[in-house]
Protein chains: 2
Amino acid sequence: MADPKRTRNTQQRQRILRVIQAAGCHLTAREIHRRVGQNGRAIGLATVYRALEAFARAGLVESASLGGRAIRYGLAAEHHDHVVCLECGKWQPLGRCPAPRAPRGAAPGFRVTGHRLEFFGYCEECR
Amino acid sequence: MADPKRTRNTQQRQRILRVIQAAGCHLTAREIHRRVGQNGRAIGLATVYRALEAFARAGLVESASLGGRAIRYGLAAEHHDHVVCLECGKWQPLGRCPAPRAPRGAAPGFRVTGHRLEFFGYCEECR
DNA sequence: CAGGTAAGTGAGAATCTTTCTCACTTCGCG
DNA sequence: CGCGAAGTGAGAAAGATTCTCACTTACCTG
Ligand SMILES: [Mn+2]
Ligand SMILES: [Mn+2]
Ligand SMILES: [Zn+2]
Ligand SMILES: [Zn+2]
């Protein structure tokens with residue numbers, strides 16, 4: 001089989017990953033870009049997207065999205081789901097995953113590699 | 001308490017809803033816009049978005065999103081989840097919802113009004 | 001049914017997010 | 001070192017969604 005395209009360990013990616021690790025929550029590409037720019041010279045926004053794509057391919061980060069808001073990225077060390085407030089947009093990880101590994105009796109021939117589960121509603125302050 | 005902002009039954013919204021009902025799957029705002037324009041005079045794209053927002057508020061339609069792709073809208077008469085192919089983007093509804101009504105032992109004080117569950121992986125042709 | 005009014009509409013601009021292009025740089029491997 | 005592929009930066013481009021504002025229309029009242 002073909003070589004899995006190899007990926008380099010550049011300074012930009014190190015800085016980007018450090019920001020993601022330091023964050024206690026999921027960040028948008030723009031937020032990551034801004035934070036990286038605060039600890040040193042700014043990097044291109046496209047570079048952030050490319051790095052996130054590479055990290056996601058490598059299984060290092062996970063992405064999640066809701067409504068029209070931007071996609072958020074965070075460490076994917078262990079799978080988890082989220083609870084999102086429809087009013088203030090607050091985002092909380094769930095301790096345990098309540099979804100089954102794969103849907104029962106679903107699309108035949110489909111190989112499930114993962115899932116994304118988001119509960120939405122209203123947080124304590126917004127309800 | 002204040003009157004819940006009332007919503008009007010305009011010709012545009014009727015046409016939009018008809019398109020959504022006729023579709024066998026979830027559509028993007030742009031797709032809906034195009035289809036509506038095919039059975040009569042075109043309507044504004046912003047009107048489509050406003051109608052979808054109103055329908056969603058009213059619980060008539062549900063939205064779902066994956067990755068950077070556009071949000072898709074479909075009838076929410078009955079809740080259902082999806083299976084999405086990471087390669088070709090194909091989108092399939094699931095017959096039964098495998099997720100619990102609410103996460104166990106999750107965010108305290110959070111009122112869950114719904115959820116979105118997407119299984120992803122590779123469809124028969126793409127694996 | 002006529003009139004008043006607030007919700008809705010259309011066209012286009014504006015915002016945002018994400019992707020792409022291309023010349024230039026750097027990492028990783030001899 | 002020295003090469004070649006992967007990565008980068010700046011900006012353009014592509015899309016998606018929202019906003020503005022003058023104009024229209026559904027719907028309630030009398
Ligand atoms: Mn998370
Ligand atoms: Mn899960
Ligand atoms: Zn909230
Ligand atoms: Zn596929």
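Side-chain atoms are counted along with the backbone in the values below, which use heavy atoms only and exclude waters and symmetry mates.
Of the candidates dT17(D), dA11(C), dC20(C), dC20(C) carries the atom nearest the Ala46(A) side chain, counting heavy atoms from C-beta on. Out of dT21(C), dT17(D), dT18(C), the shortest distance to the side chain of Arg50(A) is found at dT21(C). Among the nucleotides dA16(D), dT18(C), dG9(D), the one closest to the side chain of Arg30(B) is dA16(D).
Between dT19(C) and Tyr49(A), no contact under 4.0 Å exists linking OP1 or OP2 to a side-chain N or O. Within the structure, every side-chain polar atom (N or O) of Thr47(A) is placed at least 4.0 Å from both OP1 and OP2 of dG7(D). Within the structure, a side-chain polar atom (N or O) of Arg13(B) is placed less than 4.0 Å from OP1 or OP2 of dT9(C). Listed pair Gln12(A) / dG9(D) meets the phosphate criterion, a side-chain N or O lying under 4.0 Å from OP1 or OP2.
Rounded to a whole Å, the CZ atom of Arg34(A) is 15 Å from the C1' atom of dT17(C). Following rounding to the nearest Å, Arg41(B) (CZ) and dT25(D) (C1') show an atom-to-atom distance of 13 Å. Straight-line distance from the CD1 atom of Ile71(A) to the P atom of dC16(C): 17 Å, rounded to whole Å. Between the OH atom of Tyr73(B) and the P atom of dT17(D) there is a distance of 6 Å, given to the nearest Å. As rounded to whole Å, 17 Å separates atom P of dG7(D) from atom CZ of Arg15(A). Between His33(A) atom NE2 and dC16(C) atom P the separation is 15 Å, expressed in whole Å. The CD atom of Glu53(A) sits 15 Å away from the C1' atom of dT17(C) (whole-angstrom rounding). The CG atom of Leu52(A) sits 11 Å away from the P atom of dT8(D) (whole-angstrom rounding).
Between Arg15(B) and Gln12(B), every side-chain heavy-atom pair lies at or beyond the 4.5 Å cut-off. Side-chain atoms of Gln21(B) and Leu17(B), non-hydrogen and from C-beta on, do get closer than 4.5 Å to each other.
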Output one line per pair: protein atom, nucleotide atom from nucleotides 26-30 of chain C, and distance, for all N/O pairs under 3.5 Å.
residue: dT26(C); atom: O2; partner: Arg8(A); partner atom: NH1; Å: 2.9
residue: dC27(C); atom: O2; partner: Arg8(A); partner atom: NE; Å: 3.4
residue: dC27(C); atom: O2; partner: Arg8(A); partner atom: NH1; Å: 3.3
residue: dC27(C); atom: O2; partner: Arg8(A); partner atom: NH2; Å: 3.1
residue: dG28(C); atom: OP1; partner: Asn9(A); partner atom: N; Å: 3.1

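Side-chain atoms of Arg116(A) come within 3.5 Å of backbone N or O of Ser63(A) as a donor-acceptor pair. Using a distance-only test at 3.5 Å, with no hydrogens or angles considered, a donor-acceptor pair links the side chain of Thr113(B) to the main chain of Phe120(A).
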Donor-acceptor pairs are to be reported for all side-chain atoms of residues 30-52 of chain A against protein atoms at under 3.5 Å, with residues two or more places apart or in another chain.
residue: Glu31(A); atom: OE1; partner: Thr28(A); partner atom: N; Å: 2.9
residue: Glu31(A); atom: OE1; partner: Arg72(A); partner atom: NH2; Å: 3.2
residue: Glu31(A); atom: OE2; partner: Arg72(A); partner atom: NH2; Å: 3.4
residue: His33(A); atom: NE2; partner: Ile43(A); partner atom: O; Å: 2.7
residue: Thr47(A); atom: OG1; partner: Arg50(A); partner atom: NH2; Å: 3.2

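Under the side chain to side chain donor-acceptor pair (under 3.5 Å) criterion, Gln14(B) pairs with Asn9(B), not counting sequence neighbours.
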Stepwise side-chain contact (heavy atoms from CB on, under 4.5 Å) check, Glu118(A) with Asp81(A): CA-CA 6 Å; Glu118(A) 290 161 7; Asp81(A) 303 300; over 6 Å; no
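Across all strands shown, Leu45(A) has heavy atoms under 4.0 Å from base atoms, whether or not it also approaches the sugar-phosphate.
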